[in-house]
Protein chains: 2
Amino acid sequence: MSNKKKTTLKDIANILEISTAAVSKALQDDSRISSKTKEAVKKVAKDLNYQPNHLASALRKGKSNLVGVIVPRTNSNFFSSVVQNMEEVLNKAGYNIIITQSNESYKKECDSIDTLLFTQVDGIIASMANETTDLDYYEKIKSRGIPLILFDRGENDLNVDYIGIDDYASSHMIVEHLVEQGCKRIAHIGGYQRTRIFNNRIRGYKDAIEKHGLPLDSELLLESSLTQEDGRIKMEQLLALKTRPDAVYIAGDYAALGALQVLKENAIDVPNEIALVGFGNEPFTAMVSPPITSIEQHSAEIGRLAAQTFLEHVSSPDIKQSLNKKILDAELIVRDSSNKKAFLN
Amino acid sequence: MSNKKKTTLKDIANILEISTAAVSKALQDDSRISSKTKEAVKKVAKDLNYQPNHLASALRKGKSNLVGVIVPRTNSNFFSSVVQNMEEVLNKAGYNIIITQSNESYKKECDSIDTLLFTQVDGIIASMANETTDLDYYEKIKSRGIPLILFDRGENDLNVDYIGIDDYASSHMIVEHLVEQGCKRIAHIGGYQRTRIFNNRIRGYKDAIEKHGLPLDSELLLESSLTQEDGRIKMEQLLALKTRPDAVYIAGDYAALGALQVLKENAIDVPNEIALVGFGNEPFTAMVSPPITSIEQHSAEIGRLAAQTFLEHVSSPDIKQSLNKKILDAELIVRDSSNKKAFLN
DNA sequence: TATATTTGTTTAATCGATTAAGCAAAGATA
DNA sequence: TATCTTTGCTTAATCGATTAAACAAATATA
């Protein structure tokens with residue numbers, strides 16, 4: 001039953017006995033086409049349910065109106081929210097997006113880049129996988145001359161636009177908050193040092209600790225993949241120390257969750273015995289007990305800004321790929337896992 | 001610095017002073033091209049970093065090798081896992097996927113369908129938005145003659161391939177489990193009746209309740225959007241009843257979470273006073289306290305099967321869009337929220 | 001030797017939309 | 001009336017890859 005063959009400009013042209021050029025222009029409301037013809041064309045187009053062939057027009061125009069998005073994973077609220085807001089802005093500007101996930105794998109990320117370039121996207125907005133250290137594939141995007149915008153997980157060396165929060169300052173906020181709570185031995189389970197954002201958090205942690213004259217003990221600073229499981233492992237390590245910390249700041253919410261589970265299993269009073277702070281403000285931080293203090297990264301804003309940055313690039317193609325950083329302020333959401341005062345009242 | 005203009009077949013042809021046709025065939029290992037020419041072509045292609053223009057080849061071949069995927073949202077573990085496994089299977093078969101999210105909105109879903117058709121995808125794999133009742137847009141996909149496969153949220157009337165779990169039987173498993181726990185007044189916060197899967201869960205609930213000779217009280221059966229917030233609201237309604245239920249089965253984990261929060265706020269003993277069961281086995285069900293009993297839907301398997309079903313369609317185009325249902329068995333994951341026995345020991 | 005087959009390649013059409021250039025007819029200007 | 005503009009459309013080239021058809025040269029077959 002299905003009308004297999006799609007309607008093309010030619011079909012419309014044949015019916016009206018005019019050229020395909022006229023039809024094309026009529027549909028684009030070209031000023032050189034009479035309104036009579038335009039109406040006729042539009043009517044027939046509607047009747048035949050004409051849908052332009054995107055491949056043909058993209059090929060001809062050298063522009064696909066597609067933007068590729070690479071995220072480490074979609075099942076995190078942060079990335080999902082970034083993407084959603086990005087999409088909203090881009091849709092309004094006539095762009096559609098293609099989402100791909102790297103699953104934190106370097107290989108998968110390279111494949112994603114290939115797929116997107118292959119699909120002839122007009123630009124790529126990406127957040128890098130944890131594993132990624134080799135930037136060749138990103139250089140490939142740059143060398144193709146299409147806009148590349150990074151967010152959250154970026155990389156200075158690439159020298160491209162970047163949107164993210166101030167990780168260094170966020171660490172300061174967290175340490176300051178914990179100090180206010182009376183904590184004196186603050187541990188940090190950080191991400192990979194090689195990743196820019198995690199490195200900034202580590203630097204922020206160290207500087208803030210020193211600033212407050214607290215001990216900067218190397219056994220209190222651990223490097224982690226920040227998965228839930230690794231959060232468990234690293235927390236167990238901290239509990240095994242001769243002198244346990246009285247606060248733990250963890251650079252990711254999932255790892256913080258694993259850590260919290262270990263604390264509960266060990267019947268440790270959170271926050272009074274050990275206070276806990278995560279990072280990312282994933283919804284579950286508010287759901288577990290005790291709810292976990294965390295950092296809100298303004299995902300919606302990051303998504304919108306990334307999209308706008310892309311649009312700026314395409315609207316003025318002369319702008320070179322330049323290091324144009326947009327750094328947002330983060331927000332500390334204090335919850336019971338670090339709020340000793342709430343328990344004193 | 002960037003080498004703006006991409007290498008085309010023509011560039012290679014010019015260098016080797018052969019026709020583009022020869023180049024094209026050489027790259028495809030056509031048997032009629034001498035191995036000498038093939039080698040030369042491949043060498044030059046590599047040197048010039050040739051990347052075929054997908055738009056051109058898709059236009060010519062009438063096949064984009066792209067599969068569109070529509071999910072209500074990506075930030076649920078279920079959908080994210082489905083998509084990931086789907087992608088794996090499709091990638092191996094030379095297909096790439098384009099993910100779009102409907103955010104449970106009918107309008108957004110229609111836009112997604114338009115985007116995907118516009119991008120000339122070779123097929124669409126979708127799970128319908130909660131809001132969707134009008135099937136016109138899905139009929140549009142069918143009428144275009146491209147394969148459509150639904151999973152999880154499907155619709156009988158569309159008469160297309162469907163992959164999902166046995167919702168009716170799942171409800172039976174849940175009710176049976178609660179009866180075993182000694183529950184006698186089991187409530188159900190279900191999804192929208194109009195949605196096939198939720199309707200099946202409701203039917204399963206009713207039938208199982210009757211089978212065990214329990215009261216099928218209308219005030220114990222509520223219809224919900226199954227958001228976390230609505231879970232709270234509906235649980236409050238149940239608590240306000242003259243005779244409270246001693247078990248609540250909720251057709252979605254997010255709503256179950258909201259309900260659990262209300263129960264905890266009201267200092268109700270879960271599971272002894274009221275037992276709780278969710279649906280979907282989202283990771284947080286294991287994380288909260290008490291952990292929530294839930295149904296595992298085998299997302300990985302669903303993803304793989306959906307992909308395979310698509311591949312079957314394209315490999316034998318004569319197969320009409322037919323009602324080919326693949327129903328998987330679900331699995332009940334019993335956790336503390338409904339496990340009274342664990343507390344007796 | 002004459003004919004058939006295989007091999008290796010080129011020519012040219014094609015996918016569908018876009019657009020520069022061309023051109024005829026109508027209208028405006030002098 | 002003669003010339004210039006504007007209007008409204010057509011022609012034809014183009015984007016880049018693919019492929020049917022054609023063809024020459026080499027090889028096989030009779």
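So you know, we letter chains A, B, ... as the sequences are listed, proteins then strands, and number each from 1.
A cation-pi arrangement is present between Arg196(B) and Tyr162(B), with the terminal nitrogen or guanidinium carbon under 6.0 Å from the aromatic centre and inside a 45° cone about the axis.
Heavy-atom distances to DNA chain C give each of Leu59(B) and Lys36(B) a nearest nucleotide, and the one nearer the 5′ end belongs to Lys36(B).
Within 4.0 Å (heavy atoms only), Ile18(B) reaches sugar-phosphate atoms of the nucleic acid but no base atom. Base contact: Ser19(A) has a heavy atom under 4.0 Å from a base atom.
Under 4.0 Å is where a charged nitrogen must lie from a carboxylate oxygen, and between Lys107(A) and Asp111(A) at least one such pair does. Salt bridge absent: Lys108(A) and Glu131(A) never bring a charged side-chain N and a carboxylate O closer than 4.0 Å. Between Asp29(A) and Lys42(A), at least one side-chain N (NZ, or NE/NH1/NH2) sits under 4.0 Å from a carboxylate O, which counts as a salt bridge. Taking 4.0 Å as the cut-off between side-chain N and carboxylate O, Glu155(B) and Lys142(B) do not count as a salt-bridged pair.
Along DNA chain D, read 5' to 3', the first and last nucleotides having any atom under 4.0 Å from a heavy atom of chain A are dT7(D) to dG16(D).
Thr132(B) and Glu109(B) share a side-chain donor-acceptor pair at under 3.5 Å.
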What nitrogen or oxygen pairs link the protein and nucleotides 4-8 of chain C at under 3.5 Å?
{"unit_1": "dG8(C)", "atom_1": "N7", "unit_2": "Arg32(B)", "atom_2": "NE", "d": "3.1"}
{"unit_1": "dG8(C)", "atom_1": "N7", "unit_2": "Arg32(B)", "atom_2": "NH2", "d": "3.2"}
{"unit_1": "dG8(C)", "atom_1": "O6", "unit_2": "Arg32(B)", "atom_2": "NH2", "d": "2.6"}

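Under the 4.5 Å side-chain criterion, counting only non-hydrogen atoms from C-beta, Ser64(B) is in contact with His54(B).
Atom NZ of Lys43(B) sits in a sparse spot, with 12 or fewer heavy atoms from other residues, nucleotides or ligands closer than 6.0 Å.
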